[in-house]
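Scroll down for the structure; my scribbles are underneath it.
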Amino acid sequence: MNWQKLLLLGWLLVLGGASEPGTPQHQETTVHPQLSSTGHAKVTTPAATGVYSVANGTEDCIKASLGLTIIVQNSKTQKDEYLNIDPNATKTLGSCGIWQSTLNITFRGGFIRFTFAKTADVYYVYVIEASLRVPSEGSLYYGIKTVRLFSTPIGSSFKCLSKQTVEVDVNFQLVAVDTQLQAFDIVGNQFGKEEECAVDRNKRLIPAMVGLSLAGLLVIVIATCAIYNRKSNRGYERI
């Protein structure tokens, strides 16, 4: 009966290689950052505005609302590419200190870190660090910049609707839009008094100044014409 044993062994092998009923077959997929190519540094699609915060217990020590975009130059194609950070796909970490606090925004493939410093009267961002890994290109971009940005009085928030660009490394830029930031001395987890950035202020004041200048010029022209007409109507006087 050796043939019967062989037949039974064959069936066992077939059944053993099949999947058990009711057991799903999973295939894990990893989603990597996808860069959009522009050919130049202009971002065609603005980044969505995200709200980020770092708390010490129940009280915020950093509060930020802004849209973030990373711009890099592809080393192979020499074209500028950008990645808009999706706020819904980020995690926020950080630390709170008396004189220094950190906001770390992480996302798949990288992170953006802001370090805030505080003096007696003002606070500001003094270190910006960013990293982005793009497996499809085999590239790792990293940069760190020591600066003094967004200097704001203690208790107030920095507000800037205009685009702010920081070059953290060669061919590696970080762009922030629709920005409102505050670190230290946040009352009730709400932004304090808004301090408008110089770019927004100039955009608002320049049209007004041009309008006033044109109005002044118009007044001068009208006054000159009136004086000229008065002199012309006098005629000649008898000697």
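All values reported here derive from a predicted model rather than from experimental measurement.
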Worksheet item: Between E137 and E81, does a side-chain contact (heavy atoms from CB on, under 4.5 Å) hold up when you go through it step by step?
Response: CA-CA 12 Å; E137 297 179 2; E81 300 174 331; 2.6 Å; yes
Hey, what do you get for [atom1] ([X]) to [atom2] ([Y]), rounding to the nearest 0.5 Å?
X    : Y    : atom1 : atom2 : answer
I62  : T102 : CD1   : OG1   : 6.5 Å
I85  : I105 : CD1   : CD1   : 8.5 Å
L103 : C61  : CG    : SG    : 9.0 Å
Y126 : S151 : OH    : OG    : 14.5 Å
L161 : C197 : CG    : SG    : 7.0 Å
R201 : C160 : CZ    : SG    : 9.5 Å

Taking side chain as C-beta onward, heavy atoms only, is [X] less than 4.5 Å from [Y]?
X    : Y    : result
T45  : N84  : yes
V166 : L149 : yes
T92  : N104 : no
I128 : L174 : yes
Q73  : V170 : no
L181 : F191 : no
V72  : N171 : no
Y141 : D169 : no

Quick one: does [X]'s side chain have a donor or acceptor within less than 3.5 Å of a partner on [Y]'s backbone?
X    : Y    : result
Y52  : L93  : no
Q182 : G192 : yes
D200 : S162 : yes
D60  : S53  : no
N189 : T58  : yes
T106 : K91  : yes
S101 : G97  : yes

Worksheet item: Between the side chains of S157 and Q180, is a donor N or O closer than 3.5 angstrom to an acceptor N or O?
Response: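 Yes, because at least one side-chain N or O of S157 sits under 3.5 Å from a partner of the opposite role on Q180.
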Worksheet item: So, Q173 and Y82: side-chain donor and acceptor under 3.5 Å apart, yes or no?
Response: no
Worksheet entry | Step-by-step side-chain contact (heavy atoms from CB on, under 4.5 Å) determination, I112 to L68 | CA-CA 9 Å; I112 300 171; L68 291 167; 4.0 Å; yes
Discussion item. For F114, give me all partners under ring-ring contact (aromatic ring centres under 6.0 Å, His included), at least two apart in sequence or on another chain.
Written reply: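 ring-ring contact (aromatic ring centres under 6.0 Å, His included) list for F114, sorted by chain: empty.
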Worksheet item: Can you tell which of D178, T179, V175 makes a side-chain contact (heavy atoms from CB on, under 4.5 Å) with K163?
Response: V175
Worksheet item: Where do Q164 and V199 land on the side-chain contact (heavy atoms from CB on, under 4.5 Å) test, with the steps shown first?
Response: CA-CA 9 Å; Q164 306 281 308; V199 179; 4.2 Å; yes
Could you see if [X] belongs to whatever hydrophobic cluster contains [Y]? Use Ile, Leu, Val, Met, Phe, Trp, Tyr and a side-chain cutoff under 4.5 Å.
X    : Y    : result
F116 : V147 : yes
I154 : I186 : no
V54  : F111 : no

Practice prompt. Provide the full list of ring-ring contact (aromatic ring centres under 6.0 Å, His included) pairs with a residue in residues 145-177, sequence neighbours left out, each pair given once.
Written response: F150-F158
Worksheet item: Between D185 and K118, is there a salt bridge with N-O shorter than 4.0 Å?
Response: yes
Fill in: Closest heavy-atom pair and its distance - A48, P87
O-CG, 3.8 Å
Practice prompt. Quick one: closest heavy-atom pair of L140 and S131, and the distance?
Written response: CD1-OG, 3.8 Å
Worksheet item: Any cation-pi pair here, R148 with Y124, using under 6.0 Å and within 45°?
Response: yes
Worksheet item: Between L83 and I71, does a side-chain contact (heavy atoms from CB on, under 4.5 Å) hold up when you go through it step by step?
Response: CA-CA 7 Å; L83 172 69; I71 299 177; over 6 Å; no
Practice prompt. Can you sort out the partners of E59 under salt bridge (Lys or Arg N to Asp or Glu O under 4.0 Å), two or more places apart, ordered by chain and number?
Written response: none
